[in-house]
Every structure is written in C-alpha cells, then in structure tokens.
Amino acid sequence: MPEPRAQRIEPAQEVRLRIAPSPTGDPHVGTGYVALFNRAFALRHGGRFILRLEDTDRARYVAHAEQLIFDSLHWLGLDWDEGPDVGGPCEPYRQSERLGIYREHAELLITAGHAYRCWCTAQRLALVRKEMESRKEPPKYDRLCLGKTREERQALGDAGPEPVVRMRVPDEGSTGFSDLIRGGIEFENRLLDDQVILKSDGFPTYHLAVVVDDHHMRISHVVRGEEWISSTPKHILLYQWFGWPLPEFAHFPLLRNENRSKVSKRKNPWSTLVWFRDNGYLPEALLNFLALLGWSMPDGREIFGFQDLVDQVDFARVSTSGPIFDLNKLDWLNGHYIRELSRADLVERIRPFLLRAGMAADDAYLLRMVPLVHERIKRLAEAPELLGFFFQDAGTYDSSLLLPKGLDLASSRNLLATSMGIVQDLSPFAHSALEAAFRALAQQQGVKTGQLFMLLRIACTFSTVSPPLFETMEVLGRERVLTRLDAAERRLVDHATPR
Ligand code: GLU
C-alpha cells in the first residue's frame, strides 16, 4: 500500500503520551484523572505529554470548551509540552485543522480494499438495525454498498448524495491487544461493525482520526478510559492496514458512584473539573484524590503529591475494578491540604471566594481572621459563610436572639451597656483579657457565662455559631465590637417598642 503523503515520522521511540479531549462542554473529572496518569507517566520516563483537541464532532462542539479544558488542566497543575496553544513539532493539534490528512488516509484504505464508500440514508440504516435486532443479531451494517459504484448503488434507491467511508472489517479471525493494565483482550472480528471512518461532510470519525493522529504524533502509550476498550480492535485493524507499529495501550477503570453507576455529567453535578474549583477544592487535594482512584502507592501512603506519583507510577499497579468516587474522602483530603497551607497562602486561596461574595478587606485584617477558621474549613468556598460577619457591621438576625434563655429585655440591655464599657477601657484588647473581663462580669451580674457569651456572640457575629468568641472579638478590634454591641442594644430598644 502506498505511504500517505502526510508527515512521515519514524515509529515511536521516545515516550510520548497524550490526552485527546473533545471540546463539548465543561471538562469531565475523568479528563483530569486520565491526564494526571498520562502526565505522570510521561515525566517518569523523561517523555512528553501532548494535548490534542478532538473537535471533529461538530454537532457537539462548544466553542468556549477549549478554554475551559486549558484552564481546568492548568488549575490542576497539569501542563503539556505540545498542544494547540503551545504548538509543537506535530502541529496542528486540533483535529478540525487536519481534515486533509484524514481524507488522504481514508482514500488509501479505499484503494487498498480495506474501506468502501456507503451511500445508505439514515432511514435505511435505522431499518436495517431494527431488522437485525428483531433477529437477535448484533446490529451491524449489512454491506449493501460494498463493491458498488455510486451509479450501481443509486439504482437500488434510498441512497444519499454524499457517501460516508466505512471500514471493511474481516469476517473471520479475531483482533486483540495486550493492555498494560488488563492483560490480553481479544474481540472476534465477526462481531465488529463496518465502522464509519469518514462522514459525508468530510470530517473523520473518532476512530480514524485517533489512529492517524496517534501514529503521526508518535504516541508511544495510549492511556485512556475503559469506555474505549471496545473501540480498540477497530483501531488495531487500522494500524495493521496502514502497516504501522502499535502503541502500548492502558485503559483506566471508569470512575463510579457508590451505587456503582458511572460518574456522569447528567447525574452528578460534581463531575466536572470546574465544579471542584468553584466549590473550593485545592488542586493538590483533588490530584491526590484522583491518584488514589484505582491506584495505590507501593507503601500504602494515602497522602502524597504529584511528584511522588511521578516517582512511582506504574500501570501494572492500577486495579481494574471501578474506583468509587467518595466525596467525603475528598473533603477529608482537602481539609488536610488546607491545614498545610501557610496563613498567607490561605488568604490568597480564599480571596477570590470572598471577592465573589462582595467581601473585600486589606491583607492585615484577612491575615488576622483566617487562623480562626483554618482548622475547620473543609472547602475554600465555605469562607464567605464562615467569615462573612467580619465584613459587615450590621447583621440580619432575629432580635429575639438577643434574649438568650433566662435573660429578659432589661438584663440583656444592661449587660450590653456594661459590656461596651468594658470594651472601651480594656487594655490590651486581647482575647485572654476579654475572656477574663467577661467572666468577671457574668459573676458580678449573677448570670451564667453561657448566657452572656451567647449574647456577645449574637451581637458580634450575628449568629449562634461562630469561631471562638474572644479571639473573634480581638480580630474584630475595639471599634467594630463597640459598634456591634451598640447596634445590638439599639435593636433591643426597637424590639421593646411595639410598632
Ligand atoms: N476524544 C476522546 C475523548 O473525548 C479521546 C479518547 C482517547 O483518548 O482515545 O475522550
């Protein structure tokens, strides 16, 4: 068979891995999962990691999805050595810019008798499928067009104007490959359909494009999700027909929910990478979590970084049972990584979440408030809820909260007024001094510390739950505390005055 005119590159020698997402929307968390292992393996072996966009399905194409793929992979810290945005020796890396190459390869297969044109309409194909199903046969194309010219086929009716190109799958024998994760996998050829490889609009289907590109981009290891296993024999036939060496294959297990259903965008709102970013997961926590799905460190460690994975990654250690996507475990890991952050780093990470909620403050104030939540915040997105009271002087709470159980209006007002005096004069304005002073006040007034502290908590944080009270008052500072106690006292006056 004549060699294609397209770039002629020697068979794979270097280690070159790729991911090939389709820009159809928010990238799925599975894309991050597979990218992680591709990138780690490439780095481990001194190879290169390539990003290729498989954008030939024009019906599902979403223009801004490309940028979402770039952004979310960068956010995860997974960079690529070659790709549509950074270029590289195998350009272009967008399949829609390589249409001529695919057409040329389809022609070569037709000439060699491995592929044929098919003019059957969608209606006819649907009928054929129905008939096969009613005979309990695997639905396959019935090869009406095989061996026919356009004219011969048109004479039979039900023919479309532009043909597709189909693979001519052998009737006998089997096609197999050895998967680095699963071992030998074999499919009987008679069960394979004469797959369309070039559509009537001149665009290739995934099967032709992926093989042509993986070959010309010198991909040494095709590492992808399990859902592509059944496509692999078709790809192997194409490699064989073109006379190309096979890459290695590794099919990672699908991510599953606890009920073992597939993690899907339709069912799981949290299945996109953007969701994790927007909900305040740290990329290092998500990477660690993804690395634990189906993979384990030789020493059983659960907490490890990307470089540790690079040092150890080995596809033979990947388990084939669908790993369960356990969000509780991710929350736990995220909490761990948050606690590892320095105070300044935590400020940087939560700042975008606060700003989005309209909460801006100078660094000094932010640096003082974050220690109050550092130990218990699980996701950065919780910051506006946990810290919101620091940013507003008037809260929107129900005034009756200012009457903790056992305190009447007069005693609450009196306590607030006396508290203002204490706050005014206290020196230093520090949490231990505040605590000592307010404990003494409770005793002196004959109220329980719990009652007084709840009153102060509501007045200062507008909520019955807050970070430790006196530390919080210290961070708020004398002026803000005074303003809030005063506002609370005035609220009680209003509360007492019937409208
Ligand atoms: N375009 C396919 C996808 O969206 C690529 C599959 C492969 O890696 O071969 O996942």
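Both ligands and their constituent atoms are indexed starting at 1 by order of listing. Note that the numbering runs from 1 along the sequence shown for the chain.
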Side-chain H-bond candidate by donor/acceptor type, Asn288 with Glu284, under 3.5 Å: no
Measuring from Gln95:CD to Ile101:CD1, what's the distance to the nearest 0.5 Å? 10.0 Å
The closest protein heavy-atom partner of atom 5 (C) of ligand 1 is Ala20 O, 3.2 Å
Inter-residue atom distance Phe249.CZ - Trp228.CH2, 0.5 Å rounding: 13.5 Å
Give me the residue, atom name and distance of the protein heavy atom closest to atom 8 (O) of ligand 1. Arg18 NH1, 2.6 Å
Find all atoms of ligand 1 within a distance of less than 4.0 Å from any non-hydrogen atom belonging to Ser22, and give their numbers and elements. 1 (N), 4 (O)
Is there a donor-acceptor pair under 3.5 Å between the side chain of Thr205 and the backbone N or O of Val196? yes
Counting both backbone and side chain atoms, is some N or O of Val210 under 3.5 Å from an N or O of ligand 1? no
Just need the protein heavy atom nearest to atom 9 (O) of ligand 1, so name the residue and atom and give the distance. Tyr206 OH, 2.6 Å
Can you check whether Phe306 reaches Pro283 side chain to side chain, under 4.5 Å on heavy atoms? no
Check ligand 1 against Glu54 and write out every atom of the ligand that is under 4.0 Å from a heavy-atom position of the residue. 1 (N), 2 (C), 5 (C)
I need the Arg356 CZ to Arg351 CZ distance, nearest 0.5 Å. 13.5 Å
Students should be able to answer this: which protein heavy-atom is nearest to atom 10 (O) of ligand 1, and at what distance? Trp228 CZ2, 3.5 Å
